[in-house]
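Residue numbers start from 1 in every chain, and the chains themselves are labelled A, B, ... in the order their sequence lines are given, proteins ahead of strands.
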Protein chains: 2
Amino acid sequence: MKEGPDIARIAALIGDPARANMLTALMTGKALTATELATEAGITGQTASSHLSKMDEGGLLRVLKQGRHKYFSLANDDVASVLEGLMGLAARSGHLRTRTGPKEASLRKARVCYNHLAGDMGTRMFDSFLERGFLKVSGDALDLTAQGGAFMQGFGVDMAALRSGKAPLCKECLDWSARRSHLAGSLGRAILSRMEELGWAKRTQGSRVVTFSRAGEQKFRSEILAGTG
Amino acid sequence: MKEGPDIARIAALIGDPARANMLTALMTGKALTATELATEAGITGQTASSHLSKMDEGGLLRVLKQGRHKYFSLANDDVASVLEGLMGLAARSGHLRTRTGPKEASLRKARVCYNHLAGDMGTRMFDSFLERGFLKVSGDALDLTAQGGAFMQGFGVDMAALRSGKAPLCKECLDWSARRSHLAGSLGRAILSRMEELGWAKRTQGSRVVTFSRAGEQKFRSEILAGTG
DNA sequence: TTCATAGTTCGACCGTAACCGAAGCATTCG
DNA sequence: CGAATGCTTCGGTTACGGTCGAACTATGAA
């Protein structure tokens with residue numbers, strides 16, 4: 001008995017509706033303050049404070065205190081991955097209320113998963129990078145090849161800065177909608193922000209939806225997918 | 001709000017200690033009866049019945065009624081993956097009570113993850129298969145190459161039978177101890193049972209530990225890893 | 001200094017859900 | 001046919017945890 005870690009503890013942590021709403025809100029990748037999370041979850045500040053300290057203690061959150069504000073974000077990509085995994089289970093077996101509403105549709109097409117691009121366009125990009133030899137899988141480790149590095153640099157990503165960081169460069173993350181992987185890690189984050197910088201795409205405020213401009217989507221196809229998709 | 005599936009519902013399902021114990025017990029891959037699961041969780045049959053029906057309804061379990069017995073097993077590999085993911089979070093951030101006891105050590109070396117080989121030896125095998133060109137990753141899809149198929153057939157796996165099944169042949173599954181992938185899917189299951197059949201390894205009753213015989217481990221190194229590790 | 005805002009702590013309330021005893025079905029065995 | 005076993009349903013108890021109001025601390029602005 002009792003072999004392995006205490007899984008119930010952290011599952012229960014995620015299992016409360018208020019906390020789950022907060023975590024889902026944090027899947028946008030942005031750090032949010034306690035009050036913002038409170039309103040997001042539809043509870044008062046006192047209750048939120050209690051929830052947040054519990055989740056922090058449980059290692060689900062990263063906390064940054066700034067002046068009289070306290071910013072919360074997901075602790076790391078693994079937390080985001082587990083959340084996506086849970087969404088996968090819930091979407092399929094859950095209530096079967098996968099009635100693909102308009103919001104759902106855009107979520108499936110392109111959304112932000114914690115801090116990187118997910119959804120159909122995210123998995124497409126991931127596939128293309130593999131096919132063009134920019135990424136190489138060996139074991140679980142996902143490595144950027146030399147040509148991949150060159151491509152990223154040319155795309156406007158400051159590779160030197162990324163490499164100097166301690167965060168893993170490339171990671172896979174499973175997609176609840178497409179049931180395929182997309183690119184996480186610091187590179188995944190950098191690519192998404194570069195796309196925003198270029199004006200290709202815009203995150204919808206307070207939502208995980210990522211909307212590409214017409215020109216941006218065209219550019220995405222020609223430069224990122226490059227005819228491989 | 002309320003975009004995406006109802007994550008709290010199923011997280012709460014996993015979040016109860018009794019249910020979590022049952023699910024952990026089912027990670028051995030064996031189907032267990034309701035009473036077995038009840039004793040495993042330390043509760044009475046009545047309570048267990050209630051829990052089990054809830055988890056079934058939530059899509060976490062597969063149920064097989066046989067005579068006056070009712071056998072429960074995990075619904076699919078995705079459920080197992082999420083459980084492993086939760087273990088990863090709990091192990092690291094949880095209680096930090098990752099005091100590597102003797103049981104923990106053997107769990108890390110070789111264990112069964114739902115129905116396939118995990119732990120150090122599992123990830124080693126996965127790496128070797130990639131390196132030798134038996135497996136190929138493209139996107140999320142993990143494909144068995146022609147040589148891979150030949151190897152498996154030679155190893156004694158009935159590939160025709162596997163291919164005729166509807167279950168996916170190859171899948172990745174993240175490892176909470178090694179933080180790397182190992183091979184899931186119907187092929188992963190087949191390989192493990194073939195190893196048991198050959199007498200290389202034996203599952204410890206009621207535990208997830210997989211013990212290799214001295215000869216079995218030797219064979220494993222020469223035939224599976226083949227000098228690549 | 002005084003006021004306002006962000007967050008926390010305390011105490012009390014209340015609902016949900018886990019739990020078991022007992023009784024009720026269903027299946028198999030003698 | 002009983003008797004035994006495996007599982008479920010029902011009813012009632014209990015406890016844990018989410019919730020908010022009110023009071024408190026800390027940071028920043030007027």
Side-chain angles (χ1 to χ4, degrees), chain A residues 1-2 6-26 30-58 60-73 94-95 206, chain B residues 1-2 6-26 30-73 90 94-95 206:
Chain A
M1 210 173 298
K2 267 300 169 195
D6 186 2
I7 173 181
R9 203 178 100 87
I10 84 123
L13 227 41
I14 309 177
D16 176 77
R19 286 193 289 257
N21 281 337
M22 294 187 186
L23 291 171
T24 309
L26 290 174
K30 290 184 51 171
L32 298 175
T33 67
T35 34
E36 284 171 325
L37 287 168
T39 54
E40 190 69 36
I43 54 180
T44 63
Q46 305 93 295
T47 319
S49 175
S50 155
H51 283 314
L52 289 169
S53 59
K54 279 175 193 167
M55 289 198 283
D56 179 29
E57 171 128 9
L60 296 181
L61 298 182
R62 235 187 81 245
V63 189
L64 184 73
K65 204 169 175 181
Q66 212 167 76
R68 58 176 170 181
H69 293 276
K70 214 167 170 182
Y71 285 94
F72 293 89
S73 49
H95 265 161
Chain B
M1 211 175 296
K2 266 302 169 201
D6 186 3
I7 174 181
R9 206 178 98 86
I10 84 124
L13 228 41
I14 309 177
D16 177 78
R19 285 194 290 258
N21 281 337
M22 295 186 185
L23 291 172
T24 309
L26 290 174
K30 289 185 54 172
L32 298 175
T33 68
T35 33
E36 285 171 325
L37 287 168
T39 55
E40 190 70 35
I43 53 179
T44 63
Q46 305 94 295
T47 317
S49 175
S50 156
H51 283 313
L52 288 168
S53 59
K54 278 173 194 169
M55 289 196 284
D56 179 28
E57 171 126 10
L60 295 181
L61 299 181
R62 238 188 78 243
V63 189
L64 185 73
K65 205 170 173 180
Q66 212 166 77
R68 58 178 167 179
H69 292 275
K70 213 167 171 181
Y71 287 93
F72 294 88
S73 50
H95 265 161

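- B/I14 is listed as a side-chain neighbour of B/L60, based on a closest heavy-atom distance under 4.5 Å.
- Taking every side-chain heavy atom of A/A34 into account, C/dG7 is the closest of C/dT28, C/dG7, D/dT27.
- Checking side-chain atoms of A/S49 against main-chain N and O of A/G45 turns up no donor-acceptor pair under 3.5 Å.
- Across all strands shown, B/S53 has no heavy atoms under 4.0 Å from either base or sugar-phosphate atoms.
- Atom CD of B/E36 and atom NE2 of B/H69 lie 9.0 Å apart (nearest 0.5 Å).
- For residues 12-20 of chain B, proximity to DNA chain C is found at B/D16, B/A18, B/R19, defined as any non-hydrogen atom under 4.0 angstrom from a strand atom.
- Computed from coordinates, the B/I43 CD1 to C/dC20 P distance equals 7 Å when rounded to whole Å.
- Residues A/H51 and A/N21 form no side-chain contact, since every pair of their non-hydrogen atoms from C-beta on lies 4.5 Å or further apart.
- One interatomic measurement links the two molecules: CE of A/M22 to C1' of D/dG18, which rounds to 11 Å at whole-angstrom precision.
- Contact annotation for A/K54: backbone-only contact, meaning every heavy-atom pair under 4.0 Å involves sugar-phosphate atoms and none involves a base.
- Residues forming a side chain to side chain donor-acceptor pair (under 3.5 Å) with B/R62 (at least two apart in sequence, or on another chain): B/S73.
- Using a 4.5 Å cut-off on side-chain heavy atoms (C-beta onward), B/M55 and B/L23 make contact.
- The shortest distance between the side-chain N/O atoms of A/T35 and the OP1/OP2 oxygens of C/dA6 is not below 4.0 Å.
- Side-chain atoms of A/Q46 stay outside donor-acceptor range of the base of C/dG7, with no qualifying N/O pair under 3.5 Å.
- Between B/L52 atom CG and D/dC7 atom P there is a gap of 9 Å when expressed in whole angstrom units.
- A residue-by-residue look at B/Q66 and B/G42 shows that B/G42 has its nearest nucleotide of DNA chain C further toward the 5' end.
- Phosphate contact (OP1/OP2 of D/dG18, side-chain N/O of A/T47, threshold under 4.0 Å): absent.
- Between A/S49 and C/dG7 there is no side-chain polar atom (N or O) within less than 4.0 angstrom of OP1 or OP2.
- Here the P atom of nucleotide D/dC7 and the CG atom of B/L61 are 14 Å apart, to the nearest Å.
- Counting to the nearest Å, the C1' atom of D/dG17 and the CD atom of A/E57 are 16 Å from each other.
- The listed nucleotides are C/dT8, D/dT8, C/dG21; the one nearest the side chain of B/K70 is D/dT8.
- Look at CZ on A/R68: it is 16 Å from P on C/dC3, rounded to the nearest Å.
- Across the protein-nucleic acid pair, A/L32 atom CG and C/dG7 atom P stand 11 Å apart, rounded to whole Å.
- DNA chain D is contacted by both A/K65 and A/H51; A/H51 maps to the nucleotide lying nearer its 5′ end (nearest heavy atom per residue).
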